[in-house]
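Being a predicted model, the structure only gives us computed values, none of them experimental. Hydrogens, waters and symmetry mates play no part in the numbers below; they use all other heavy atoms, side chains included.
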Amino acid sequence: MEAAPRRARKKAEGGASSNVFSMFDQSQIQEFKEAFTIMDQNRDGFIDKEDLRDTFAALGRINVKNEELEAMVKEAPGPINFTVFLTMFGEKLKGTDPEETILHAFKVFDTEGKGFVKADFIKEKLMTQADRFSEEEVKQMFAAFPPDVCGNLDYRNLCYVITHGEEKD
């Protein structure tokens, strides 16, 4: 008769519980909700392989391998609803510093791992996705951190400046 309580306790400790909501403040939860909504392309309340494929396509990455998508979906303990999505981000972010978190966000756009992204591409994403930047906010960002002569934004440097300030040792 001891099996049921152990199962219940295990679910409370390891399952997708509402405790994950206490890890983030309300504005962060809202940002995650916006990201989830963008990724849930078919609007069924779950993120699956096809949603991931469509999200990558929207970001300009067309030929994502099926194995890569399956590996992403398998990271979840079950169907990926918003609570599971938030839990997965909580686990990924636990112990990471802000610079690493920001770098990971930029690496999504840097599919070839070059260390930079096209400034025009970032401008378009900043002005059309989630908390949209205005033209003036984009100008301010590029004034503070201008792209190189080829129009590339060195996001590694940008992340360093964002998290450590402008002075380098």
Side-chain angles (χ1 to χ4, degrees), residues 7-117 121-133 137-138 141 145 153-164:
R7 246 183 280 147
R9 186 169 56 246
K10 185 170 181 156
K11 182 175 173 105
E13 291 168 2
S17 68
S18 61
N19 291 349
V20 70
F21 290 93
S22 65
M23 289 178 61
F24 303 103
D25 66 38
Q26 205 53 49
S27 66
Q28 290 172 311
I29 291 170
Q30 185 57 41
E31 288 176 23
F32 280 117
K33 186 67 177 166
E34 288 175 19
F36 181 86
T37 301
I38 290 168
M39 293 177 73
D40 181 16
Q41 297 275 314
N42 63 7
R43 303 292 183 252
D44 67 354
F46 295 92
I47 295 175
D48 58 22
K49 272 188 353 187
E50 289 310 310
D51 290 325
L52 290 174
R53 186 181 308 284
D54 293 344
T55 300
F56 275 115
L59 295 172
R61 189 166 166 214
I62 307 298
N63 298 320
V64 182
K65 291 188 174 117
N66 221 18
E67 300 79 36
E68 191 177 352
L69 297 171
E70 284 173 11
M72 288 179 195
V73 172
K74 283 180 185 170
E75 285 186 42
I80 306 172
N81 63 17
F82 180 64
T83 304
V84 171
F85 180 80
L86 196 60
T87 302
M88 291 173 71
F89 266 97
E91 289 169 359
K92 292 247 186 236
L93 295 175
K94 210 182 294 177
T96 60
D97 65 16
E99 184 176 11
E100 190 178 337
T101 303
I102 296 167
L103 272 173
H104 283 300
F106 275 105
K107 283 179 183 176
V108 169
F109 300 113
D110 181 17
T111 56
E112 295 174 25
K114 293 180 177 177
F116 60 83
V117 290
F121 177 77
I122 289 298
K123 176 182 177 181
E124 190 250 327
K125 292 300 171 202
L126 288 172
M127 293 180 72
T128 61
Q129 305 293 317
D131 288 341
R132 295 181 173 108
F133 276 45
E137 288 169 320
V138 172
M141 183 186 88
F145 206 87
L153 182 66
D154 179 348
Y155 65 82
R156 289 183 185 139
N157 236 353
L158 175 62
C159 292
Y160 183 90
V161 171
I162 290 170
T163 56
H164 295 92

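Annotation: the span from D44 atom CG to N81 atom CG amounts to 10.5 Å, rounded to 0.5 Å. Expressed to the nearest 0.5 Å, how far CZ of F24 lies from CZ of F89 amounts to 8.5 Å. One finds the CD atom of E67 at 9.5 Å from the NZ atom of K74 (value rounded to the nearest 0.5 Å). Here CG of L126 is found 9.5 Å from CD of E137. Values are rounded to the nearest 0.5 Å. Residue I80 holds its CD1 atom at 8.5 Å from CD of E75, rounded to the nearest 0.5 Å. One finds the SG atom of C159 at 5.5 Å from the CD1 atom of I102 (value rounded to the nearest 0.5 Å).
Legend: residues meeting salt bridge (Lys or Arg N to Asp or Glu O under 4.0 Å) with E99, ordered by chain and number and at least two apart, are absent.
Side chains of F121 and L153 form no contact here, defined as non-hydrogen atoms less than 4.5 Å apart. Side-chain contact between V84 and I47 is absent, with no heavy atoms from C-beta onward closer than 4.5 Å. Residues F56 and L69 form a side-chain contact, since some pair of their non-hydrogen atoms from C-beta on lies under 4.5 Å apart. In this structure, R156 and F106 have side chains that are not in contact, with every pair of non-hydrogen atoms separated by 4.5 Å or more. Using a 4.5 Å cut-off on side-chain heavy atoms (C-beta onward), V108 and L59 make contact. Proximity of F116 to D110: side-chain heavy atoms (C-beta onward) are nowhere separated by under 4.5 Å.
For the pair Q41 and D51, the tightest heavy-atom approach, listed with the atom from each and the gap, is N-OD1, 3.2 Å. When all heavy atoms are compared, the tightest approach of F133 to M127 is O-CG, 3.5 Å.
Under a cut-off of 6.0 angstrom, the local environment of CG in N66 is crowded, with over 12 non-hydrogen atoms contributed by other residues, nucleotides or ligands. Around atom NZ of K123, no more than 12 heavy atoms belonging to other residues, nucleotides or ligands sit under 6.0 Å away.
The aromatic rings of F82 and F21 are tilted relative to each other, their planes meeting at an angle between 30° and 60°.
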Going by atom type alone, with no hydrogens or angles, which donor-acceptor pairs under 3.5 Å involve a side-chain atom of residues 26-37 and a protein atom two or more places apart or on another chain?
from, atom 1, to, atom 2, distance (Å)
S27, OG, D25, OD1, 2.8
Q28, OE1, D25, N, 2.8
T37, OG1, K33, O, 2.8

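Checked for salt-bridge contact, E112 and K114 meet the test: a charged N lies under 4.0 Å from a carboxylate O.
For residues 53-64, every residue pair satisfying the salt bridge (charged side-chain N to carboxylate O under 4.0 Å, His left out) rule, not counting sequence neighbours, is listed here: E50-R53, R61-E68.
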